[in-house]
A.B. asks: 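One structure, as structure tokens, below. Some questions next.
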Amino acid sequence: MKKEKVFTNKSVSDLLNNVSAALTIKGANQFRVTAYDRAAASVAHLSSEIKDIWDENKLSDIPGVGGSIAGHLDELFRTGKSSHFESELKSLPPAMFEFLKISGIGPKTAFKLALKLAIFDKKYALKKLEVACKKGKVREIEGLGKETEKNILESVKQENLSKNDSQRMLLFEAEKLAGEVIDYLKESKEIISADPLGSLRRKVSTVGDIDISVSTNNTKKAVSWFCKYPKVKKVIKAGDNVGSVYLSSGHQIDLYAIEPKSYGSLLQHFTGSKQHNIHLRKIALEKGLSLSEHGIKEEKTGKILHFYNEKAFYRFLKMDYIPPELREDRGEIAAASKGDLPALVERKDIVGDLHTHSNFEIKTSHDLGANSPKEMIDKAVGLKYQYLGFSEHNPAVSRLNEEEVILILKKKRNLIDKLNYTSANKLNIRIFNGLEIDIRPDGRLAIPDRGLKLLDYAIVSIHSSMRLNKDKMTKRVISGLSHPKVKILAHPTGRMLNHREGYELDWKKIFSLCKKRKIALEINSYPDRLDLSDTMVREAVEAGVLLSINSDSHACSHMDFISQGVFVARRGWAERKNIINSWSVEKLENFFKSQA
DNA sequence: GCCGTTTTCGGCCCGACTGTTTTCAGTCG
């Protein structure tokens, strides 16, 4: 059997970067080079898989991918190779593309190294380069020197072949890491404020490098304080306004320092996204203005206008303030100019969690929660929730007969009723009796109808046979959604960030059914799920489908993950009205009882 | 090679930093 070649966003992005490098060496038009750079960066930051986008015939929708590159990529996905890309790359030594992985080495240096050291093969290229460095051969090359040699040696040795070689961090991890650095920075009396930048500030589900800005009256001191952060392993650069370090954990952190009067411009500039800023810059240019991290320059007078904060910046451009989560150049600039931005859902709008697992002994074949219902309720009260839904996995049908299953579900029903009696009196929180039910491969639900009757609502989801094809999977899910008690489809694509791609579904069909039958699609807040993804949320919202932001907690502490789901919802342009667990108890109760 | 509320041609962001230089090229974001 022929093995299918796997294309990931990362591998496609690398390929485009290599083509860009090849064009640079060949002295191609610089705009053609940057076009490939842009396409590569764009693909690397996609929030869905490029293969899926190709499936839907939407490659040209990717910013920076036009007819030509889309055509080559199409050939690549259809046949496993692109004759055009291959011909661009073939005249150059394959080793140089390995060298490109080293931070600080670009196309010209990589090419020079390969040529002068006569390292041509890809195999052992880095190893051979390391040997050459140790022999002092690199410093002999014209234009290179001791420092370059040292940098290469350190990079190769530490496998700090960064430049995106390591996998992207989950947003949750990045927030934690950046939070610690920011806390440290704020200890300095020179530093007035410090904020995350880039994808971290835009709350993208995965984050590459961490960038941080500081407002200070002494940028040099701020950078030097940053470089003294105890977890720094190596200072990459330390200029008057910019610092860059590797932590001992291997993560790279960049710092940008600026005086307070320009802080708004800096924050805006480095929050990006790149596409958002390019679009803004174009609009500004038409008005005779040029944008930079220092401010807005009036071309006519040469005067630079400074902005303390971003609100003033956007106001000057005659736009509403655009929340960082929306800054992806997906229509937010036009909307902000017209005063048409959505009123994005906020964390405080979420007044209940409908997907949680307690340790109630339900004899499931999946995982139980770690905490008791009582402990979970205390946590929910602490979060000021108005309601909490327990949705343990269904009892294991293969090991129990129907009567045993019903018995367990009755026991759970009784417990919830009892909890409601006490909680209504003492805690002022409503408890709902949910259940997370497997949709079996044939589309049937894993518990009998008699069991469903005991529930306030059912969540359905897929936990097995994830490799069914799109058609079969769609039929399976649609069948699983058919019972009127089913109100939520949990983690709808089954993806795990950095771990596995989701299964494929015919979303047109799913959306239209969910809209008609008023079934909410879940935004699962678990840090490595974040499923639906932001782009799918946007499509769901536009299709008029309801959403539910849930934590899928298997322990009390997991209930804090809910903010991660809120970020995804915001990135998907979702408003409070789209989210069922922002509704009042009464409205939600009616929703559960409705039989659309 | 991409892109379009001055659209199918003629533009395309730009500054900081490092290393190797002695005025600048290469890399990065």
Side-chain angles (χ1 to χ4, degrees), chain A residues 16-17 19-21 23-25 28-42 44-45 59-73 84-85 88 99-100 102-113 138-152 162-164 197-199 208-211 213 219 223 235-244 252-258 262 265-266 269-287 289-297 299 304 329 333-334 337-338:
Chain A
L16 293 170
N17 266 326
V19 173
S20 154
L23 292 171
T24 304
I25 300 304
N29 177 316
Q30 56 156 324
F31 296 113
R32 214 177 137 214
V33 175
T34 42
Y36 272 93
D37 284 337
R38 278 187 59 202
S42 193
H45 293 106
L59 281 180
S60 301
D61 286 2
I62 301 171
V65 174
S68 170
I69 294 182
H72 301 315
L73 289 177
H84 177 75
F85 292 161
E88 291 291 2
F99 300 162
L100 281 178
I102 300 166
S103 175
I105 305 287
K108 304 217 170 159
T109 312
F111 181 64
K112 197 189 270 183
L113 284 169
V138 170
R139 69 180 72 181
E140 293 170 6
I141 300 172
E142 198 188 341
L144 306 181
K146 276 186 190 169
E147 290 301 316
T148 309
E149 197 170 88
K150 201 173 122 207
N151 170 45
I152 293 173
S162 74
K163 278 213 227 164
N164 306 322
L197 300 167
S199 50
D209 290 338
I210 288 177
D211 301 326
S213 60
T219 58
V223 171
V235 175
I236 304 166
K237 65 180 170 191
D240 289 348
N241 304 295
V242 177
S244 188
Q252 183 178 337
I253 316 236
D254 298 340
L255 186 88
Y256 299 90
I258 204 162
S262 297
S265 283
L266 181 85
H269 180 83
F270 285 109
T271 295
S273 67
K274 209 162 201 169
Q275 296 306 320
H276 175 85
N277 284 352
I278 287 172
H279 193 158
L280 277 185
R281 223 172 274 131
K282 269 184 192 155
I283 290 177
L285 273 176
E286 289 160 11
K287 298 178 182 170
L289 305 167
S290 84
L291 310 182
S292 81
E293 65 261 48
H294 298 290
I296 300 183
K297 191 162 101 186
E299 291 300 352
I304 294 183
D329 195 25
I333 291 174
S337 305
K338 285 186 283 180

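A, B, ... follow the sequence lines: proteins, then strands. Residue 1 opens every chain.
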A.B. asks: Is any side-chain nitrogen or oxygen of A/Ser244 closer than 4.0 Å to OP1 or OP2 of B/dC28?
C.D. replies: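 So the side chain of A/Ser244 is outside the cut-off, no N or O lying under 4.0 Å from OP1 or OP2 of B/dC28.
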
A.B. asks: Measure from the side chain of A/Lys108, starting at C-beta and using heavy atoms only, and say which of B/dT27, B/dG29, B/dG1 lies closest.
C.D. replies: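 The listed nucleotide nearest to A/Lys108's side chain is B/dT27.
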
A.B. asks: Could you give the CD-to-C1' distance, from A/Glu293 to B/dA16, as a whole number of Å?
C.D. replies: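 That distance rounds to 8 Å.
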
A.B. asks: Considering only B/dG1, B/dA16, B/dC13, which nucleotide approaches the side chain of A/His294 most closely?
C.D. replies: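 Nucleotide nearest to A/His294's side chain: B/dA16.
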
A.B. asks: Considering only side-chain heavy atoms of A/Phe270, which listed nucleotide, B/dT20, B/dG29, B/dG1, is closest?
C.D. replies: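 Among B/dT20, B/dG29, B/dG1, the one nearest the side chain of A/Phe270 is B/dG29.
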
A.B. asks: Can you tell me if the side-chain N/O atoms of A/Thr34 get under 4.0 Å from OP1 or OP2 in B/dC12?
C.D. replies: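 For B/dC12, neither OP1 nor OP2 has a side-chain N or O of A/Thr34 closer than 4.0 Å.
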
A.B. asks: Can you tell which of B/dG29, B/dG1, B/dG26 lies closest to the side chain of A/Thr109?
C.D. replies: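 Nearest to the side-chain atoms of A/Thr109, counting from C-beta on, is B/dG26.
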
A.B. asks: Please measure how far the P atom in B/dC17 lies from the corresponding atom in B/dC12, and state the result in whole Å.
C.D. replies: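 The answer is 26 Å between these two P atoms.
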
A.B. asks: Given that both distances must come in under 3.5 Å, which nucleotide forms a Watson-Crick or G-U wobble pair with B/dT8?
C.D. replies: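 Its partner: none found.
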
A.B. asks: Using the P atom as the reference point in each nucleotide, state the distance between B/dG1 and B/dT6 in Å, no decimals.
C.D. replies: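 It works out to 28 Å between them.
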
A.B. asks: Nearest-Å distance, CG (A/Leu266) to P (B/dG15)?
C.D. replies: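 It is 14 Å, rounded to the nearest whole Å.
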
A.B. asks: Taking for each residue the nucleotide of DNA chain B bearing the nearest heavy atom, is the 5' side occupied by A/Val242 or by A/Pro107?
C.D. replies: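 Looking at the nearest nucleotide for each, A/Val242 comes out on the 5' side.
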
A.B. asks: Answer yes or no: does a side-chain N or O of A/His84 lie under 4.0 Å from OP1 or OP2 of B/dG1?
C.D. replies: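 Yes, within the criterion.
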
A.B. asks: Apply side chain to side chain donor-acceptor pair (under 3.5 Å) to A/Thr109 and list each qualifying residue two or more places apart in sequence or on a separate chain.
C.D. replies: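 Partners of A/Thr109 by the side chain to side chain donor-acceptor pair (under 3.5 Å) criterion come out as none, since no residue qualifies.
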
A.B. asks: Around A/Lys150, counting heavy atoms of other residues, nucleotides and ligands shown, do more than 12 lie under 6.0 Å from its NZ?
C.D. replies: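 No, not enclosed.
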
A.B. asks: Between B/dG19 atom P and A/Glu140 atom CD, what is the distance in whole Å?
C.D. replies: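 So the CD-P distance, A/Glu140 to B/dG19, works out to 20 Å.
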
A.B. asks: Does A/Ala238 reach a base, just sugar-phosphate, or nothing at all? Heavy atoms under 4.0 Å.
C.D. replies: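 Sugar-phosphate contact only - A/Ala238 comes under 4.0 Å of backbone atoms but never of a base.
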
A.B. asks: Return the value, rounded to whole Å, for the distance between atom NZ of A/Lys282 and atom P of B/dG10.
C.D. replies: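 Atom-to-atom, A/Lys282 to B/dG10, this comes out as 17 Å.
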
A.B. asks: The side chain of A/Lys237 is closest to which nucleotide in this list: B/dG26, B/dC17, B/dC2?
C.D. replies: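 The listed nucleotide nearest to A/Lys237's side chain is B/dC17.
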
A.B. asks: Rounded to whole angstroms, how far apart are CD1 on A/Ile236 and P on B/dG29?
C.D. replies: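 After rounding, the reported distance stands at 9 Å.
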
A.B. asks: Any idea which of B/dG29, B/dC13, B/dC12 is nearest the A/Arg281 side chain?
C.D. replies: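 Ranking B/dG29, B/dC13, B/dC12 by closest atom to the A/Arg281 side chain puts B/dC13 first.
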
A.B. asks: Remember a base hit wins even if backbone is also touched, and classify A/Val65 as base, sugar-phosphate or nothing at under 4.0 Å, heavy atoms.
C.D. replies: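 Answer is sugar-phosphate: A/Val65 comes under 4.0 Å of backbone atoms only.
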
A.B. asks: Just by distance, with hydrogens left out, do A/Asp329 and A/His279 show a side-chain donor and acceptor under 3.5 Å apart?
C.D. replies: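 Present: a donor and an acceptor within the cut-off.
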
A.B. asks: From the set B/dG29, B/dG1, B/dC17, return the single nucleotide nearest to any side-chain atom of A/Asp240.
C.D. replies: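 Out of B/dG29, B/dG1, B/dC17, the nucleotide with an atom closest to A/Asp240's side chain is B/dC17.
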
A.B. asks: Checking one value: the base orientation of B/dT7, syn if chi is within 90 degrees of 0, otherwise anti.
C.D. replies: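 For B/dT7, whose glycosidic angle is within 90° of 0, the conformation is syn.
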
A.B. asks: Between B/dG26 and B/dT20, how far apart are the C1' atoms? Round to whole Å, please.
C.D. replies: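 Per the computed distance, 11 Å lies between those C1' atoms.
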
A.B. asks: Across the strands shown, which category fits A/Ser292 at heavy-atom distances under 4.0 angstrom: base, sugar-phosphate, nothing?
C.D. replies: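 Nothing, no nucleic acid heavy atom in range.
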
A.B. asks: Roughly how many Å apart are B/dC14 and B/dC9, using the P atom of each and rounding to a whole number?
C.D. replies: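 Taking atom P in both B/dC9 and B/dC14, they lie 26 Å apart.
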
A.B. asks: Quick one: A/Lys112 NZ to B/dG19 P, roughly how many Å, whole number?
C.D. replies: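 These atoms are roughly 15 Å apart.
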
A.B. asks: In whole Å, what is the span from the CG atom of A/Asn151 to the P atom of B/dC17?
C.D. replies: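 Nearest whole value for this atom pair: 18 Å.
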
A.B. asks: Work out which heavy atom in A/Lys112 is nearest to a heavy atom in A/Gly143; give both atom names and the distance.
C.D. replies: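 Residues A/Lys112 and A/Gly143, closest heavy atoms: NZ-CA, 4.1 Å.
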
A.B. asks: Using a 4.0 Å heavy-atom cut-off across all strands, classify A/Leu144 as base, sugar-phosphate, or nothing.
C.D. replies: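 Result for A/Leu144 = sugar-phosphate.
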
A.B. asks: Evaluate the side chain to side chain donor-acceptor pair (under 3.5 Å) criterion for residues A/Gln275 and A/Asn277: first the C-alpha distance (whole Å), next the side-chain angles of each, then the deciding distance (0.1 Å), finally the verdict.
C.D. replies: CA-CA 5 Å; A/Gln275 296 306 320; A/Asn277 284 352; over 6 Å; no

A.B. asks: Would you mind classifying the nucleic acid contact of A/Lys146 as base, sugar-phosphate or nothing, using non-hydrogen atoms under 4.0 angstrom?
C.D. replies: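 It contacts sugar-phosphate atoms only.
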
A.B. asks: Between A/Ala110 and A/Glu149, name the one whose nearest nucleotide on DNA chain B is closer to the 5' end.
C.D. replies: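 Its nucleotide being nearer the 5' end, the pick is A/Glu149.
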
A.B. asks: Once salt bridge (charged side-chain N to carboxylate O under 4.0 Å, His left out) is applied, what residue pairs with a partner in residues 30-39 of chain A remain, sequence neighbours excluded?
C.D. replies: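 Sorted result for residues 30-39 of chain A: A/Arg32-A/Glu88.
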
A.B. asks: Quick one: label A/His269 by what it contacts on the DNA or RNA (base, sugar-phosphate, nothing), any heavy atom closer than 4.0 Å.
C.D. replies: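 Since no nucleic acid heavy atom lies under 4.0 Å of A/His269, the category is nothing.
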
A.B. asks: Calculate the interatomic distance between A/Leu289 atom CG and B/dC14 atom P; express it in whole Å.
C.D. replies: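 After rounding, the gap between these two atoms is 12 Å.
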
A.B. asks: Of all heavy-atom pairs between A/Gly66 and A/Ser60, which one has the smallest distance, and what is that distance?
C.D. replies: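 For A/Gly66 versus A/Ser60, the nearest heavy atoms are O-OG, 4.3 Å.
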
A.B. asks: Closest approach to the side chain of A/Thr148, judged atom by atom: which nucleotide of B/dC2, B/dG19, B/dA16 is it?
C.D. replies: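 Of the options given, the side chain of A/Thr148 lies nearest B/dG19.
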
A.B. asks: Would you please classify the geometry between the A/Phe85 ring and the A/Tyr36 ring as parallel, tilted or perpendicular, with 30° and 60° separating the classes?
C.D. replies: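 Judged by the thresholds at 30° and 60°, the geometry between A/Tyr36 and A/Phe85 is perpendicular.
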
A.B. asks: Reckon A/Gly67 touches a base, only the sugar-phosphate, or nothing at all at heavy-atom distances under 4.0 Å?
C.D. replies: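 Counting heavy atoms under 4.0 Å across all strands, the contact made by A/Gly67 is with sugar-phosphate only.
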
A.B. asks: From B/dG19, B/dG29, B/dG1, pick the nucleotide closest to the side chain of A/Glu147?
C.D. replies: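 The answer is B/dG19.
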
A.B. asks: Pick the C1' atom in B/dT8 and in B/dC3, then give their distance to the nearest Å.
C.D. replies: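 Going atom to atom, C1' in each nucleotide, I get 10 Å.
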
A.B. asks: Taking the same atom, P, in B/dG4 and in B/dC13, what whole-Å distance lies between them?
C.D. replies: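 It works out to 13 Å between them.
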
